[in-house]
*Asks:* 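Supplied in structure tokens, the structure appears directly below.
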Amino acid sequence: MAKKLTSREEDYSKWYNELVMQADLAQHSDVKGCMVIKPYGYAIWENMRDVLDKMFKDTGHQNAYFPLFIPKSYMSKEAKHVEGFAKECAVVTHYRLKNDENGGVVVDPDAKLEEELIVRPTSETIIWNTYRTWIQSYRDLPILINQWANVVRWEMRTRLFLRTAEFLWQEGHTAHATKAEAIEESEKMLHVYASFAEQWMAMPVVRGVKSESERFAGAEDTYCIEALMQDGKALQAGTSHFLGQNFAKAFDVKFADKTGKMEHVWASSWGVSTRLMGALIMTHSDDEGLVLPPKLAPIQVVMVPIYKNEEQLNALSEKMDELSAKLSDLGIRVKVDLDDTKKPGWKFAEYELKGVPVRIAMGPRDLENGSIEVARRDTKEKQGIPLEGAANFVADLLNKIQENLFLRSAAFRTEHTTEVQDYAEFKEVLEAKGGFVSAHWDGTAETEEKIKQETKATIRCIPLDAKEEEGKCIYTGAPSNKRVLFAKAY
RNA sequence: CGGGGCGUAGCGCAGUCCGGUUAGCGCACCUGGUUUGGGACCAGGGGGUCGCAGGUUCGAAUCCUGCCGCCCCGACCA
């Protein structure tokens, strides 16, 4: 019986949900809005995490860990911050249960907390409250810290990986002596995210800055990377914030500069989450299942034997182990699937569903000819090649697949990025084609809001590389000097 | 919070309108055998508080009342 996915064309949203569950990446948990990340999904996340962690360390950051719980009062110290997060905070009010007469448990009313604790939706407040005790002098700066953690945002509507009530992420929190340095840091990390997305996830992104209304609660500027999904909707894949002195002022974090003058510290924060999993899935996958870029695939090459009897299996197994060892020596993650309870056809379909980039099949014919069959997941092409030299061929093929996935999604994005001159055209493109729509905007939140109300499209970002260009706002006709990117977004 | 849908075996579902033997099907699972170049086949087998609580009835998965939970679409958001 074939597991058949709903096609993307038929129902993109359904396709995504089925894919996540059938490829064994995650499932809904018993708790509303929360997911269980299954081993195969978690393995992909671990790969992402490891690469990012190294990139952070290579740029001078260290890991640390701060509490899950934040005293309620901290949340209100930065006005915009509380406004942004208050509506989605989980609150801990008690610290103990007790048995009730029916054999169950109830919250012990005597165990009420003096001050409620917020389950962190992000850690700026608790971290800045801590930084106060770390920083006295310019000599204590900069502080370049990253934390891997889970956070909770009580979203009304959730989707596996894209928006869950609890999610895994990393959050960098840095403290600097000067404004320029803090800005430089937030821009630097944006570029770290962008190169991760492009070089590892094979996902092209637009680097930009958010408009005021899309800005992080408490930031002076929010930089972001925006990716385009196959259904023409944009996905914010990572953000990096220049926080100015907002949190330093809210938590009274000052340092003595070289002249002995006390000054508030400048800050940045930046994060990516398990949402990147959603981005990865939606960027490359097809109606047959997941398509993973080789650099992040838990299994890069799978080998499937085809045999009629035990002698054949033994002979194949020997050859496959040899090839497997050669591939491992080249640093390739390879699996030899000798499971006798599943037929080759089943395995082919299964590994396609799971997005394994390269499949090698080897049967009696190959034993005779000294050959193997190599199939690539991205194009579904199959070819026979000599066993001799196969390891290098496969290593090379993995690179080609990685490159092809990037080029393919880059071409899709180019195809789905449209410059428009007026509002009629804007609406038409949005409706008929979707994708990024590049248009002039008068720079006001009112216009942005009206366009959002009328079309559901928001300003994804003002691209960092937007060229100076005289134009008129598509909505109000007011002068504008650069184009911004609009899209319907996740 | 508005609209829709669903809750029956590990998963996916039928049965509910119109109450009536022992609650059924597909996949998965177990045993044996034949198979293996694109999701094999045959035979046998195990597995159920029908979401929860009340009620009506000789009898409830099915009717009534209340509750709970989840999913999808929208508003909100990374």
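Residue numbers begin at 1 in each chain, while the letters A, B, ... track the order of the sequences. The structure displayed is predicted, hence computed values, not measured ones.
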*Asks:* Expressed in whole Å, how much space separates the C1' atoms belonging to B:rU57 and B:rU65?
*Replies:*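 My reading of the C1' atoms in B:rU57 and B:rU65 gives 16 Å.
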*Asks:* Taking atom P in both B:rC6 and B:rG51, what distance in whole Å separates the two?
*Replies:* 13 Å
*Asks:* Taking all non-hydrogen atoms of both residues, which atom of A:Glu214 and which atom of A:Lys210 are closest, and how far apart?
*Replies:* CB-CD, 3.7 Å
*Asks:* Does a side-chain N or O of A:Asn17 approach OP1 or OP2 of B:rC72 to a distance below 4.0 Å, or not?
*Replies:* yes
*Asks:* Any base atoms under 4.0 Å from A:Arg359, or only sugar-phosphate, or nothing? Heavy atoms, all strands.
*Replies:* base
*Asks:* Can you tell me how far C1' in B:rA61 sits from the matching atom in B:rG2, rounded to whole Å?
*Replies:*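 Straight-line distance between the two C1' atoms is 31 Å.
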*Asks:* In whole angstrom, give the distance that lies between atom CG of A:Asp337 and atom P of B:rG38.
*Replies:*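 Going from A:Asp337 (CG) to B:rG38 (P), I get 16 Å.
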*Asks:* Scan residues 164-173 of chain A against RNA chain B and write down, sorted by residue number, each residue with any heavy atom closer than 4.0 Å; if none is found, say none.
*Replies:*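 Only A:Thr164, A:Phe167 qualify.
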*Asks:* Under 4.0 Å, counting only non-hydrogen atoms across every strand here, what does A:Pro364 touch: a base, just sugar-phosphate, or nothing?
*Replies:* base
*Asks:* Which nucleotide in the list B:rG37, B:rG38, B:rA78 gets nearest to the side chain of A:Ser273?
*Replies:*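 Selected nucleotide (nearest to the side chain): B:rA78.
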*Asks:* Could you please name the option among B:rG37, B:rG38, B:rA78 that lies closest to any side-chain atom of A:Arg275?
*Replies:*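 Of B:rG37, B:rG38, B:rA78, B:rA78 is nearest to the side chain of A:Arg275.
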*Asks:* Centre of A:Phe167's six-membered ring, under 6.0 Å away, within 45 degrees of the axis: is that where NZ or CZ of A:Arg275 sits?
*Replies:* no
*Asks:* In plain terms, say whether A:Glu288 and A:Lys380 are close enough for a salt bridge, that is, a side-chain N and a carboxylate O under 4.0 Å apart.
*Replies:* yes
*Asks:* Tell me what A:Ser13 touches on the nucleic acid: a base, only sugar-phosphate, or nothing, going by heavy atoms under 4.0 Å.
*Replies:*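 Touches sugar-phosphate only.
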*Asks:* Which listed nucleotide (B:rC76, B:rG39, B:rA75) is nearest to the side chain of A:Lys87?
*Replies:* B:rC76
*Asks:* Looking for any heavy atom pair under 4.0 Å, which part of the strands does A:Gln236 touch: base, sugar-phosphate only, or nothing?
*Replies:*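 Here A:Gln236 touches the backbone only, sparing every base.
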*Asks:* In whole angstrom, give me the gap between the P atoms of B:rC68 and B:rA53.
*Replies:* 15 Å
*Asks:* Under the 6.0 Å and 45° cation-pi test, does A:Lys354 pair with A:Tyr40?
*Replies:*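 That pair qualifies as a cation-pi contact.
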*Asks:* Look through every strand shown and name the nucleotide pairing with B:rG74 as Watson-Crick or G-U wobble, where both distances are under 3.5 Å.
*Replies:*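 In the structure as shown, B:rG74 has B:rC1 as its Watson-Crick or wobble partner.
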*Asks:* Provide the distance between the two C1' atoms, one in B:rU62 and one in B:rG15, to the nearest whole Å.
*Replies:*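 The answer is 9 Å between these two C1' atoms.
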*Asks:* So A:Lys343, base contact, sugar-phosphate only, or nothing? Heavy-atom distance under 4.0 Å.
*Replies:* base
*Asks:* Can you confirm whether or not the ring centre of A:Tyr74 sits under 6.0 Å from the ring centre of A:Phe247?
*Replies:* no
*Asks:* Under a 4.0 Å heavy-atom cut-off, which of residues 446-457 of chain A touch RNA chain B?
*Replies:* A:Lys452, A:Lys456
*Asks:* Any idea how A:Phe66 and A:Tyr131 line up, ring-wise: parallel (<30°), tilted (30 to 60°), or perpendicular (>60°)?
*Replies:*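 Rings of A:Phe66 and A:Tyr131: perpendicular, over 60°.
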*Asks:* After noting the C-alpha distance and the side-chain angles of A:Arg120 and A:Gln147, does the key distance pass the side chain to side chain contact (heavy atoms under 4.5 Å, CB included) rule?
*Replies:* CA-CA 13 Å; A:Arg120 63 182 165 216; A:Gln147 152 167 286; 3.8 Å; yes
*Asks:* So what's B:rU22 paired with, Watson-Crick or G-U wobble, going by both distances under 3.5 Å?
*Replies:* none
*Asks:* For A:Ile372 versus A:Ala390, what's the shortest heavy-atom pair and its separation?
*Replies:* CD1-CB, 3.7 Å
*Asks:* Verify whether one side chain among A:Arg460 and A:Thr458 offers a donor that lies under 3.5 Å from an acceptor in the other.
*Replies:* yes
*Asks:* Suppose you measure atom C1' in B:rC63 against the same atom in B:rG19; what distance do you get, rounded to whole Å?
*Replies:* 7 Å
*Asks:* It should be established whether A:Lys342 places a side-chain nitrogen or oxygen under 4.0 Å from OP1 or OP2 of nucleotide B:rA40.
*Replies:*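 No, no such contact exists.
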*Asks:* Who is the Watson-Crick or G-U wobble partner of B:rC67, with both distances under 3.5 Å?
*Replies:*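 By the stated definition (distances under 3.5 Å), B:rG51 pairs with B:rC67.
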*Asks:* Is it the case that the ring center of A:Trp270 lies less than 6.0 angstrom away from the ring center of A:Phe56?
*Replies:*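 Yes, close enough.
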*Asks:* Judged by each residue's nearest nucleotide on RNA chain B, which is more toward the 5′ side, A:Ala375 or A:Arg159?
*Replies:*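 Comparing both residues, the 5'-ward one is A:Ala375.
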*Asks:* Could you work out which one of B:rA78, B:rG38, B:rA75 sits closest to the side chain of A:Glu352?
*Replies:*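 Looking only at side-chain atoms, A:Glu352 lies closest to B:rG38.
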*Asks:* Pairing donors with acceptors under 3.5 angstrom, does anything connect the side chains of A:Tyr223 and A:Glu187?
*Replies:*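 Yes.
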*Asks:* For A:Glu350 and B:rU36, give me the distance from atom CD to atom C1', rounded to whole Å.
*Replies:*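 Roughly 17 Å, once rounded to whole Å.
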*Asks:* Using Watson-Crick or G-U wobble geometry with both distances below 3.5 Å, tell me the partner of B:rU56, or none.
*Replies:*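 Pairing partner: none.
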*Asks:* Respond yes when some side-chain nitrogen or oxygen of A:Arg157 is under 4.0 Å from OP1 or OP2 of B:rG74, and no when none is.
*Replies:* yes
*Asks:* Looking at B:rA78, B:rG37, B:rC1, which one has an atom nearest to any side-chain atom of A:Arg153?
*Replies:*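 Of B:rA78, B:rG37, B:rC1, B:rA78 is nearest to the side chain of A:Arg153.
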*Asks:* Nearest of B:rC76, B:rG37, B:rA78 to any side-chain atom of A:Ile306?
*Replies:*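 The closest nucleotide is B:rG37.
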*Asks:* Expressed as a whole number of Å, how far does the C1' atom of B:rG10 sit from that of B:rA28?
*Replies:*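 Here B:rG10 and B:rA28 have their C1' atoms 7 Å from each other.
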*Asks:* Below 3.5 Å, does any donor atom in the side chain of A:Lys382 face an acceptor in the base of B:rG37, or the other way round?
*Replies:*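 Such a pair does not exist between side chain and base.
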*Asks:* So which nucleotide does B:rA9 pair with, by the Watson-Crick or G-U wobble rule with both distances under 3.5 Å?
*Replies:* none
*Asks:* Using a heavy-atom cut-off of 4.0 Å across all strands, would you classify A:Leu235 as base, sugar-phosphate, or nothing?
*Replies:*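 The residue A:Leu235 makes no contact with any strand.
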*Asks:* Please identify which of these residues, A:Asp339, A:Asp337, A:Asp340, meets the salt bridge (Lys or Arg N to Asp or Glu O under 4.0 Å) condition with A:Lys347.
*Replies:* A:Asp337
*Asks:* Between A:Thr274 and A:Ser29, which is nearer to the 5' end of RNA chain B once each is assigned its nearest nucleotide?
*Replies:*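 Residue closer to the 5' terminus by nearest nucleotide: A:Ser29.
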*Asks:* What is the base-pairing partner of B:rG32, counting Watson-Crick and G-U wobble geometry with both distances under 3.5 Å?
*Replies:* B:rC42
